[in-house]
Chemist: 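First the structure, which I've put down as structure tokens, then a few questions once you've had a look.
Residue numbers begin at 1 in each chain, while the letters A, B, ... track the order of the sequences.
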2 protein chains.
Amino acid sequence: MADAPAFMPLYLQIKDLLTQRLAAGEWPPGEAIPSELTLAAEFGVSHGTVRKAVQALADDHLVVRRQGKGTFVATHTEEAQSTFRFLRIRRDDGMEEYPGRRLIDFRRGRASGEVARLLELRAGDPVVLIRRVLEWQGEPAVLDDLTLPAALFRGLTRAKLEAYPGSMYGLFESRFGVRMLNARERLKAVAADAGSAALLGVAAGWPLLSVERLAFTYGGRPVEYRKGLCTTHAHHYANDLG
Amino acid sequence: MADAPAFMPLYLQIKDLLTQRLAAGEWPPGEAIPSELTLAAEFGVSHGTVRKAVQALADDHLVVRRQGKGTFVATHTEEAQSTFRFLRIRRDDGMEEYPGRRLIDFRRGRASGEVARLLELRAGDPVVLIRRVLEWQGEPAVLDDLTLPAALFRGLTRAKLEAYPGSMYGLFESRFGVRMLNARERLKAVAADAGSAALLGVAAGWPLLSVERLAFTYGGRPVEYRKGLCTTHAHHYANDLG
DNA sequence: CAGTGGTCTAGACCACATC
DNA sequence: ATGTGGTCTAGACCACTGG
């Protein structure tokens with residue numbers, strides 16, 4: 001019963017056109033898109049209108065504007081830029097240390113009921129399953145289990161994952177053209193099962209922060225399901241209510 | 001070592017002026033502020049400039065714009081408007097039910113070390129301590145402990161708190177002129193102590209989601225410290241990573 | 001109908017980065 | 001000096017609300 005659009009401002013139409021071109025990979029991540037005056041001429045609209053369209057893209061974190069230089073396709077490989085936007089676990093002492101990653105398991109499997117539904121896959125569709133630990137100062141604190149639609153990550157191997165120096169989202173966008181744009185998380189407190197407890201170095205039954213994440217790319221298409229378990233005796237999940 | 005402003009655009013200067021007048025209570029919550037053309041004439045700037053200033057206020061949730069009607073001072077008493085901005089606990093089944101509130105304790109005390117520091121009070125300054133439970137369908141799920149600077153809430157009594165029909169933040173802004181504008185939260189998983197477990201209807205040791213909140217009013221001034229404990233067998237903390 | 005916020009234009013000028 | 005994004009103006013017109 002959604003109402004018809006009824007009226008879409010010019011700058012939003014232009015935003016959509018630019019979004020389509022971004023989604024199509026017309027400009028690779030990190031590259032500059034055409035200047036505002038160029039786009040204004042191309043679309044036959046005024047400078048101000050194209051500015052509103054580009055600003056809307058910047059508000060969505062699809063592009064990054066840099067005065068004097070240009071407007072660039074946002075990327076996950078700019079340290080401290082969008083890295084901490086998806087990593088909400090922080091040290092209690094406030095040190096902004098980037099955690100180490102340790103790959104525990106990498107395998108392929110088939111989507112099962114609930115995860116399949118969330119990823120909008122059919123049950124039985126192939127998926128990639130990744131298990132890894134994040135550790136600060138060598139101390140494990142987060143155990144992540146990821147599920148990725150295999151169709152989007154052809155050629156992803158354990159070796160590639162371990163060799164890549166940056167974040168996983170950086171790998172996904174640079175090697176597979178899958179850009180994680182936003183995500184929805186669901187937090188709970190749970191008791192550690194024996195397996196998780198061993199990997200995290202705590203006793204079974206220990207309270208853990210469970211962080212379920214569904215991440216989306218262009219068009220609100222879900223492309224990653226992740227369940228994280230986090231010890232919170234020295235870390236916490238930080239959130240700003242703006 | 002903060003760099004000098006060096007340059008502040010006109011629209012941000014006007015935003016600051018308007019913020020000061022909002023903080024001073026020149027227009028009460030829910031009331032309309034002067035129209036954009038009026039403000040433009042008053043400040044001697046163009047319509048577009050005053051629009052950018054007002055839009056910046058709207059982006060900060062200080063005001064709400066309504067086409068055809070005007071721009072209104074934001075309020076916590078508009079249901080579903082800004083209510084769910086500060087209530088991130090949701091039912092797992094997705095029903096958007098507003099929880100019932102039950103006041104457990106109301107008393108006055110003195111600020112102690114860590115909380116005093118967070119609220120920027122001196123140790124020993126008077127505070128108001130509130131303990132309450134949130135329940136969905138009569139089932140308790142959240143136990144909140146609030147600490148408020150008593151100086152800002154003169155005349156706040158248990159009776160007033162229990163009689164007020166809306167949210168606490170609605171009471172604070174309408175009766176005490178204290179507007180909660182934003183907050184910083186820190187989430188952890190903890191094991192329930194005996195007292196909390198009893199109030200939440202779970203066994204001691206049960207994993208609970210701990211939500212520590214520091215809420216701020218104008219000028220980033222901290223005015224509430226809150227620690228919530230939440231059972232997560234039927235609820236979760238929802239967060240969108242935009 | 002008048003008044004409000006929302007869009008769009010054309011052009012000028014400023015701040016910043018690079019050559 | 002040139003080109004980029006950022007600000008500001010003056011004015012026109014559109015969309016929505018309410019008397």
Chemist: Between P on C/dA2 and CD on B/Gln67, what's the gap in Å once rounded to a whole number?
Modeler: 19 Å

Chemist: Find which nucleotide of DNA chain C each of A/Gly68 and A/Val50 is nearest to by heavy atoms, and output the residue with the more 5' nucleotide.
Modeler: A/Val50

Chemist: Can you tell me how far P of D/dT7 sits from CD1 of B/Ile14, to the nearest Å?
Modeler: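 Rounded to whole Å, this separation is 13 Å.
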
Chemist: Side chain of A/Val45, heavy atoms from C-beta onward: which of C/dG5, C/dA15, C/dT9 has the nearest atom to it?
Modeler: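 Shortest atom-to-atom distance from the side chain points to C/dT9.
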
Chemist: Against the six-membered ring of B/Phe72, is B/Arg66 placed for a cation-pi contact (under 6.0 Å from the centre, within 45° of the normal)?
Modeler: yes

Chemist: Grab the CG-P distance between A/Leu37 and C/dA10 for me, whole Å please.
Modeler: 13 Å

Chemist: Contact class for A/Val54 (heavy atom, under 4.0 Å): base, sugar-phosphate, or nothing?
Modeler: nothing

Chemist: Under 30°, 30 to 60°, or over 60°: which ring-plane class applies to B/Trp136 and B/His235, parallel, tilted or perpendicular?
Modeler: tilted

Chemist: To the nearest angstrom, how far is A/Phe7 atom CZ from D/dC16 atom C1'?
Modeler: 11 Å

Chemist: Rounded to the nearest angstrom, tell me the gap between atom CG in B/Leu12 and atom P in C/dC14.
Modeler: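 Checked: the CG to P distance equals 19 Å.
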
Chemist: Using a cut-off of strictly less than 4.0 Å, decide whether A/Ser35 has a side-chain nitrogen or oxygen near OP1 or OP2 of D/dT4.
Modeler: yes

Chemist: Rounded to whole Å, how long is the line connecting atom CZ of B/Arg66 with atom P of D/dG18?
Modeler: 10 Å

Chemist: If the cut-off is 4.0 Å, is A/Arg51 near the phosphate of D/dG6, judged by side-chain N/O to OP1 or OP2?
Modeler: yes

Chemist: Give a yes/no answer on whether the side chain of A/Thr71 brings an N or O atom under 4.0 Å of OP1 or OP2 in D/dG5.
Modeler: yes

Chemist: Nearest to the A/Pro9 side chain among D/dG6, C/dT7, C/dG6, which nucleotide is it?
Modeler: C/dT7

Chemist: Is any side-chain nitrogen or oxygen of A/Lys52 closer than 4.0 Å to OP1 or OP2 of C/dT7?
Modeler: yes

Chemist: Answer yes or no: does a side-chain N or O of A/Lys69 lie under 4.0 Å from OP1 or OP2 of C/dT18?
Modeler: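 Answer yes for this pair, as a side-chain N or O of A/Lys69 is under 4.0 Å from OP1 or OP2.
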
Chemist: So does B/Tyr11 get a side-chain nitrogen or oxygen closer than 4.0 Å to the phosphate oxygens (OP1/OP2) of D/dC8?
Modeler: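 Looking at the OP1 and OP2 atoms of D/dC8, neither is under 4.0 Å from any side-chain N or O of B/Tyr11.
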
Chemist: Could you tell me how the ring of A/Phe172 sits relative to the ring of A/Tyr169: parallel (under 30°), tilted (30 to 60°) or perpendicular (over 60°)?
Modeler: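 The arrangement is tilted - the two ring planes meet at 30° to 60°.
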
Chemist: Think B/Arg186 forms a cation-pi with A/Tyr237, using NZ or CZ under 6.0 Å from the six-ring centre and within 45 degrees of its axis?
Modeler: no

Chemist: Heavy atoms from C-beta onward define the side chain here; which of D/dT9, C/dG5, C/dT7 lies closest to that of B/Thr49?
Modeler: D/dT9

Chemist: Is there a donor-acceptor contact under 3.5 Å from the side chain of A/Arg213 to the main chain of A/Phe86?
Modeler: yes

Chemist: Over how many whole Å does the gap from B/His47 atom NE2 to D/dC13 atom C1' extend?
Modeler: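 Result: 12 Å.
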
Chemist: Provide, to the nearest angstrom, the distance between the CG atom belonging to A/Asp59 and the P atom belonging to D/dG6.
Modeler: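 After rounding, the reported distance stands at 11 Å.
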
